[in-house]
Structure formats: structure tokens, C-alpha cells
S.K.: 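Structure incoming, see below.
In what follows, every heavy atom counts, from backbone to side chain, and hydrogens, waters and symmetry copies are set aside. Ligands are counted one by one from 1 in listed order, and the atoms in each one are counted from 1 as well.
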Amino acid sequence: MARSKIAGVGHYVPERIVTNNELSQIIDTSDEWIIERTGIHERRFIDPAKDTLANMSAKASQMALERAGIDAGEIDMIVFATITPDYFFPGSGVLLQRELGLESIPALDLRNACSGFIYALSTADQFIRTGMYKKILVVGAEIQSTALDLTTRGRSTAVIFGDGAGAAVLTASEEPGILSTHLHSDGRFAEELYVKDPGSSRPREERQPEQILDTSTYKVYMNGNLVFKHAVVRFQEVIQEALEENNMDISDIDLLIPHQANLRISNYLQQKLGLAEDKVYNNIMRYGNTTAGSIPIAMSEAWQEGKIKDNDIVCLAAFGSGFTWASALIKW
Ligand code: UT7
């Protein structure tokens, strides 16, 4: 059976930097609170006049393709993870396909929030293992800024999320590459981190924009404390699951790239797992939580900074809305 490997990674973030101090001018928060509770110093917000999810993803994809030494025309399939597509439908996969000038290849959209990129990577890996495709573009990207409640009422989520795109080119390989992926979900907690609208099961009157007086249901709701408690447990479980499957232990990991949800979560994991500080990659300080974008952006930056080298064992892990959680163990 064929196996897959990551041949190149890339990322793109919008130019506009939004600092904590800028946010504290419009909502009741402070640089100190945000840094202490989340580790975030700044994030990127799109300029709606020029950035779209499709064009940001195309820039991230072009970087990944270039680093892989592969021409866009060689790609057999796109797997696109996002919960913030440019349109309610179709998904952003086809828009990326158009942006890259590709014709007729399949574009699959996944909406597994913070775990989205690992779900997408796992899906692409299965297509390569079966021999159906050989070169797949896997993308995780998000525009969160336009749905944030940038008022004091929404401050617990408004200060966390940011925009950005990441991509990886997955190719067929004799040697794995992707050693294993583990995917999980628990829908009992769906409403603990969600955006309710525009929900299709609403009565018709409530879905008509002119009838909507309260737009809070169009904004991110998160029960932060509960999400945090589940996240720290599930992250550990799914990392251990990956190690056990591959007869490895924590000392085999060269770099852990956790979904960038909160620096406190990353630091807690690092200590609980007994990993050295330089074995856990974090860039939440610069970008906040970019949901499905966070892992591929971090992977691309870590590679660029020389923190991922050939033959390194890299562990990806994520937790988020759904709840969903997932891990991938990779031999680079
Ligand atoms: O990516 C998907 C997965 N997401 C996560 O894993 C996120 C998990 N959760 C978290 O990261 C944290 O729960 C938050 C960062 C969202 C919140 O941090 P916290 O330490 O759990 O704070 P809290 O919600 O318990 O709030 C503590 C206090 C409250 O005030 P009182 O009730 O103690 O007076 C909040 O009203 O902090 C207040 N607060 C703020 N103060 C200043 C909440 N947000 C802010 C803010 N600025 N932005």
C-alpha cells in the first residue's frame, strides 16, 4: 500500500496587525489580561477590500508548492479545512481551485474547526494510501475577524481569534511520512463552542436578514472554561494514542505542534508530557487562534525557522469545536 509524506508547507497571513492595545481601545480589555490569559500579543485581521479566504489560501498553497518543487498543475485533489468559507456555499475548495487555475480536479471541504487541518491531512493520507491520488493539496485557513463581536460583550472570544492560511503538499512515498492519524469527536458539546447562525433549521422568518434584530447568534459563542478543561485532557490522550500506535514514547518527539488555542494550554501540555520547552512550537503570540489555519501556519513557520529537519518526528495535535480532537504523527 502506498504511503504519504509532506513534500512542502506554506502559509500566508494578512498584512494588517491588530495589537492588544488596539483592541483595548474599542473593548474593555487590556494588553496585560490578554497576554496573561492567552499568551497573545497581536493577531492579523483581513482587509476585506483585498483579502479573501481563497486568495490567502492560494498564496499559502503557492509557497507550499514551491517548497515541494511541484507545479500546481500536478495536483490531483484539494482538501480544504475551514469553518469560515467565503460563501455559505459552495465551500472554499472550488474557489481555491479556480484561484490556482486548476481544472476539474476534486475539491473537498471539511468543517471540523480547530481539528480541521488534521482531519484534512488524514483524509488526504487515505486517498494516497488507496492509490487513488498521488499529490494532494491540503489547506487549513480561516477568516475569523469579520464574525467577532468586537464589543465588551464579546471580549472573551474577540481577543483570541485571528485570520490566516496554511497549506501542505502531500505526495505518495515509499516510506511514510504520515505514520498515523487519530480522529475523534463528541457532539454532546456542540453548543459549547459554536456559531449558531445562519442555521438551516430555523423557521423561515428567523432566517430572513430583515427580520433579525439580535445578531449575537451570528457571532462565536464559547464556554471558555469548559473548553479549556476538555482540551487539556483530550490533547494528552490523543498524543499518547499516536505514540502507542507507533511504539514510541514522548522522548521520540522532536517537535510537538499543538493547535494554537491558548499558550497556557501549550505550556500545560509541555509540562505534563515532560517535554523540553524547545520541543513545543508556539506562534500564538503573533497570530492568535486561527482555527484550521493554526497548525499548517505553525508547521510552515517551524520548518522555515529550521526547527523541523529531515527524519524528525513531528506530532500535530488539535482540539476544538464539536468537540473534535485529533493527532498526526509524522516522520519528516
Ligand atoms: O480553539 C478552540 C479551542 N479553544 C480553546 O481551547 C480556548 C479555551 N479557553 C480559553 O482559552 C480561556 O478560557 C479564555 C482565554 C477564553 C478565557 O480565559 P479564562 O482564564 O478562562 O477567563 P474567564 O473566562 O474565566 O474569565 C475571567 C475573568 C472574568 O471576569 P470575572 O467574572 O472574574 O469578573 C471575565 O469577564 O476575566 C474576564 N474577561 C476579560 N477581562 C479582560 C474575559 N475576557 C476578558 C478580556 N479582557 N478579553
S.K.: How about Phe319 and His259: are their ring centroids closer than 6.0 Å?
M.R.: no
S.K.: Can you list everything that forms a side-chain hydrogen bond (donor to acceptor under 3.5 Å, both in side chains) with Thr171? Sequence neighbours excluded, please.
M.R.: none
S.K.: Grouping I, L, V, M, F, W and Y whenever their side-chain heavy atoms are under 4.5 Å apart, do Ile136 and Ile330 come out in a common cluster?
M.R.: yes
S.K.: Answer yes if Ile297 and Met63 sit in the same cluster of Ile, Leu, Val, Met, Phe, Trp and Tyr residues linked by side chain heavy atoms under 4.5 Å apart, and no otherwise.
M.R.: no
S.K.: Regarding Asn20 and Arg43, is there a side-chain donor-to-acceptor distance under 3.5 Å anywhere?
M.R.: yes
S.K.: Name each N or O atom in ligand 1 that is under 3.5 Å from a protein N or O, and give the partner atom and the distance.
M.R.:
| residue | atom | partner | partner atom | Å |
| --- | --- | --- | --- | --- |
| ligand 1 | 1 (O) | His259 | NE2 | 2.9 |
| ligand 1 | 1 (O) | Asn289 | ND2 | 2.6 |
| ligand 1 | 9 (N) | Gly224 | O | 3.1 |
| ligand 1 | 11 (O) | Asn262 | ND2 | 2.6 |
| ligand 1 | 13 (O) | Gly224 | O | 3.2 |
| ligand 1 | 20 (O) | Arg37 | NH1 | 2.7 |
| ligand 1 | 20 (O) | Arg264 | NH1 | 3.3 |
| ligand 1 | 21 (O) | Asn225 | ND2 | 3.1 |
| ligand 1 | 22 (O) | Arg37 | NH1 | 3.3 |
| ligand 1 | 24 (O) | Asn225 | ND2 | 3.4 |
| ligand 1 | 25 (O) | Asn225 | ND2 | 3.0 |
| ligand 1 | 36 (O) | Arg155 | NH2 | 3.0 |
| ligand 1 | 37 (O) | Trp33 | NE1 | 3.3 |
| ligand 1 | 41 (N) | Trp33 | NE1 | 3.3 |
| ligand 1 | 47 (N) | Thr29 | OG1 | 2.6 |
| ligand 1 | 48 (N) | Thr29 | OG1 | 3.1 |
| ligand 1 | 48 (N) | Arg155 | O | 3.2 |

S.K.: Salt bridge or not between Glu301 and Arg286? Use side-chain N to carboxylate O under 4.0 Å.
M.R.: yes
